[in-house]
Each structure stands twice: as C-alpha cells, then as structure tokens.
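Just so you know, these numbers come straight off a predicted model, no measurement behind them.
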Amino acid sequence: MTTTAIPTETERVTATTPKRRPKREREGAAWVFLSPWVLGAIVLTLLPMAVSLYLSFTDYDLFNPPQWVGLRNYVQMFTEDPRYWRSVVTTVTYVVIAVPLQLALALVVALALKGMKRGKAFYRSAFYAPSLLGASMSIALVWRAVFNDGGTVDNLLGTGGWVNKLGWSLLAVALLTVWQFGAPMVIFLAGLQQIPAELYEAAAVDGAGKWRQFLSVTVPMLSPVLFFNLVLQTIQAFQVFTPAFAVSAGKGGPADSTLVYTMYLYDRGFVASHMGYASAMAWVLLLVIGVVTAVLFRTSRSWVFYASEGER
C-alpha cells in the first residue's frame, strides 16, 4: 500500500510564492529603464558643462580653435569691464524688486481664492495663464508696446513711455515678471488648504482678529511653502533674459538700465563672439546662484516652521 505525502504549510507557501529574481538582474533592469535619462543627463548637461568650464579658461571666438589664457577672462571680468558690474547691479536690483512683489501678489490672490465658494477653478486657471504665456517673446513684445511712448500706460497715466525712461524701464521689466505670479499662487493655495481649520478657530476663541490670525497662524504654517517659492523664484529671477531683451529691443537701454546679467552674457558670447568670456560669466552666475541658495537655506532655520519639528 502506497501513501501520498501531504505537503506541509511551509512547502505549500514556498510552491505558490513566485521566485524573486537575483539582485544583479533587478539592478540591470533598473539601469535599462534609467539609461535614456542618464544618457541625456551626460550628453545634454554634464558634457556641455565640462566643455563650458574648459572654454572659460580660453580665448574662443566660435570660428578658430580655443587658445588657453588661464584666468585672464575672470580677471578682465572683475577688474576691467565696467559693463559687467553694471549688469550685476541691474540684475540684483531686478531680483530685489521682482521677487518680493511677485510673491506678495501671489499670496494675496491665493488668500482671496481660498475664501471663494464659486468659480475657484475658473479664477485659478485664469490667474495661472500668464505663467504659461509670459515667458514667450510675443507677450514680451506686447508688454513693450504697452509701456512704450503712446502706449496704454502713457495714455492712462500720462507719464510717458517707461521703456525709454531711465529708472522706469527696469520697473517695466520687473512688472512683467510680477504679472506671471500664477505658479507661486497655485503653490500658495495648496499650502493654505493644508492648514487645519482648528488653528483658526482656536485663535478666534483667544480673541485674535484676521490680521493676528494671518501673522500667528497663516504665516508660520505657510513658511515652508513660502521658502520653496522664494528659492524657486529667486533662482529664476537671476536668469531672466526674455523680458529684458524684448523690452529694450536687445540693447539693454536706456543707459544699460535693463542690461541684466544673462543679456550681457549673450552679448559677449553671440554678438561679440567672445565665447570664452561668456563661459566664464556663466560659471560665475552658477556660483552666485549656489551661494544665494545656500544662504537662503541657512537663514531658513530661523523663520521656517515645520509641523513635524513642533511635535518633537
């Protein structure tokens, strides 16, 4: 008489559990899927950056082989080029004007949208639209027409065209950036919707008015989102090009008042064919943005509040 062995519970589980692939095989599959991104990052980002770093130490005019000159481009930039320093001052002024105004307007609109009962989706889309259109050359040219002599601003305010006025032209460029407040507004709105209503109710019970609730509840709870928008918009503002180029007709005038850093970099590299000098400018800009971002992260420890930290 033969007997059939009954499999144990462990044997049944082992028989029905699919076999896991070896770790090396799984890693190989992951690299296959990642290879397009890795290849793109190397060919389109890392390799051009390495070439740009090399060119920053050369005299290169796009037509002849680059000639090694060491630190001459950097020395000339910092000690012999007054237009370079004017572009630096113009860019810093632009950042100081545009970024705070853009974030303030985005926050105000986000607060208004949060309290709306009807039409929130429509107004959110309408306010976001300039962020999609504002970076185009066509919109920048329209903006130039609005602020030019005889334009809409001149007809309404009678102040003349801002484009050709020293001291007003950069403000016209900054206002184009401020008008593109839709992206930070959407981020602010998402952050506002995550603030618990119980905090406002508790503040109201303690006698806090709307302004005190904004300062004591909204601002601290929204500080991580505010910090994110501040870093993002600051980095973008340092790289501004299209608005200044279109408003000034590619000249940076009047009197270099709209000659932002990237516009002068373009002039040195593609107009004057000093690509080595332009590469050096690009690397200085990269370092400056890195330093500014590091400073923002460092100072954020004193004013950015995270709920997880408050619970410790």
Side-chain angles (χ1 to χ4, degrees), residues 41-42 44-58 69-104 106-107 135 170 173-174 177-178 180-181 183-184 187-188 222-245 252 256-269 274-306 309:
I42 294 174
L44 301 178
T45 303
L46 297 181
L47 185 59
M49 287 181 65
V51 173
S52 173
L53 181 61
Y54 165 72
L55 292 178
S56 70
F57 297 102
T58 66
V69 294
L71 296 175
R72 191 180 73 183
N73 289 327
Y74 294 93
V75 173
Q76 180 182 352
M77 187 189 312
F78 293 129
T79 62
E80 303 175 13
D81 191 352
R83 290 197 76 196
Y84 171 81
W85 287 110
R86 284 199 294 271
S87 71
V88 170
V89 173
T90 300
T91 304
V92 172
T93 305
Y94 168 84
V95 172
V96 171
I97 295 174
V99 174
L101 288 178
Q102 185 188 48
L103 294 183
L107 180 56
L170 186 62
V173 176
T177 299
V178 175
Q180 304 170 44
F181 65 88
I187 298 174
F188 276 136
L222 201 63
S223 58
V225 178
L226 178 60
F227 173 66
F228 175 80
N229 274 333
L230 177 62
V231 172
L232 199 64
Q233 299 308 316
T234 300
I235 293 174
Q236 293 181 358
F238 271 106
Q239 302 175 73
V240 64
F241 175 79
T242 302
F245 186 87
D256 289 343
S257 60
T258 57
L259 185 68
V260 294
Y261 195 96
T262 54
M263 191 172 167
Y264 187 51
L265 188 154
Y266 170 83
D267 177 80
R268 293 292 86 197
H274 294 164
M275 187 57 68
Y277 191 86
S279 297
M281 288 185 62
W283 275 94
V284 171
L285 177 61
L286 175 64
L287 293 176
V288 169
I289 291 177
V291 170
V292 171
T293 304
V295 170
L296 290 176
F297 270 91
R298 183 69 177 180
T299 56
S300 67
R301 300 176 182 178
S302 61
W303 62 274
V304 177
F305 171 79
Y306 295 98
E309 295 178 354

Within this structure, what is the OG1-CD1 distance for the pair Thr177 and Ile97, rounded to the nearest 0.5 Å? 10.5 Å

Might you point out which heavy atoms bring Gly252 and Met263 nearest each other, and give the distance in Å? N-CE, 3.0 Å

Quick check: closest heavy atoms across Ala98 and Val178, and the distance to 0.1 Å? O-CG2, 3.8 Å

Supply the atom-to-atom distance Ser56 OG to Arg72 CZ, rounded to the nearest 0.5 angstrom. 13.0 Å

Which pair of non-hydrogen atoms, one from Asn73 and one from Ala280, has the smallest distance, and what is that distance? CB-CB, 4.0 Å

Between Phe78 and Trp85, how do the two ring planes meet: parallel, tilted or perpendicular, split at 30° and 60°? tilted

Within the distance-only criterion (no hydrogens, no angle test), does the side chain of Gln233 pair as donor or acceptor with the backbone N or O of Leu103 below 3.5 angstrom? no

For the backbone of Val240 and the side chain of Thr262, can you confirm whether one donor and one acceptor N or O come within less than 3.5 Å of each other? yes

If I take atom CG from residue Asp256 and atom CZ from residue Arg83, how far apart are they, to the nearest 0.5 angstrom? 4.0 Å

Can you measure from CD (Gln102) to CG (Leu230) and round to the nearest 0.5 angstrom? 11.0 Å

Side chain to side chain contact (heavy atoms under 4.5 Å, CB included) for Val173 and Val260? Distances and angles first, verdict last. CA-CA 10 Å; Val173 176; Val260 294; 5.8 Å; no

For Ala106 and Phe181 the tightest heavy-atom approach is CB-O, 3.7 Å

Distance-only, no hydrogens or angles: does the Thr45 side chain make a donor-acceptor pair with backbone N or O of Ile42 under 3.5 Å? no

Heavy atoms of Ser223 and Trp303 approach each other most closely as CB-O, 3.7 Å

Parallel, tilted or perpendicular for Phe57 and Tyr74, by the 30°/60° rule? tilted

Heavy-atom distance under 4.5 Å between the side chains of Leu222 and Leu107, does that happen here? yes

Which is it for Thr58 and Met275 under the side chain to side chain contact (heavy atoms under 4.5 Å, CB included) test, yes or no, and what are the steps along the way? CA-CA 9 Å; Thr58 66; Met275 187 57 68; over 6 Å; no

Ring-ring centroid check Phe238 Tyr261, cutoff 6.0 Å: no

What are the two closest heavy atoms between Ser279 and Leu55, and how far apart are they? OG-CB, 3.7 Å

Tyr84/Val284 under side chain to side chain contact (heavy atoms under 4.5 Å, CB included): CA gap, chis, key distance, verdict: CA-CA 12 Å; Tyr84 171 81; Val284 171; 3.4 Å; yes

Does Asp81 reach the main-chain N or O of Gln76 with its side chain, forming a donor-acceptor pair under 3.5 Å? no

Roughly how far, to the nearest 0.5 Å, is CG of Asp267 from CZ of Phe245? 9.5 Å

Answer yes or no: is there a donor N or O on one side and an acceptor on the other, between the side chain of Glu80 and the main chain of Val75, under 3.5 Å? no

Find out whether Ile289 and Gln239 are in side-chain contact, i.e. whether some heavy atom of one side chain is under 4.5 Å from a heavy atom of the other. yes

Here the gap from Leu286 atom CG to Met281 atom CE, rounded to the nearest 0.5 Å, amounts to 13.5 Å

Verify, without hydrogens or angle tests, whether Thr90 (side chain) and Thr258 (backbone) share a donor-acceptor contact under 3.5 angstrom. no

Check the pair Val99, Gln236 against side chain to side chain contact (heavy atoms under 4.5 Å, CB included), reporting the backbone distance first and the verdict last. CA-CA 9 Å; Val99 174; Gln236 293 181 358; over 6 Å; no

Can you tell me if Ser52 uses its side chain to pair, donor with acceptor, with the backbone of Met49 under 3.5 Å? no

Compare all side-chain heavy atoms of Phe241 with those of Leu265 and state whether any distance is below 4.5 angstrom. no

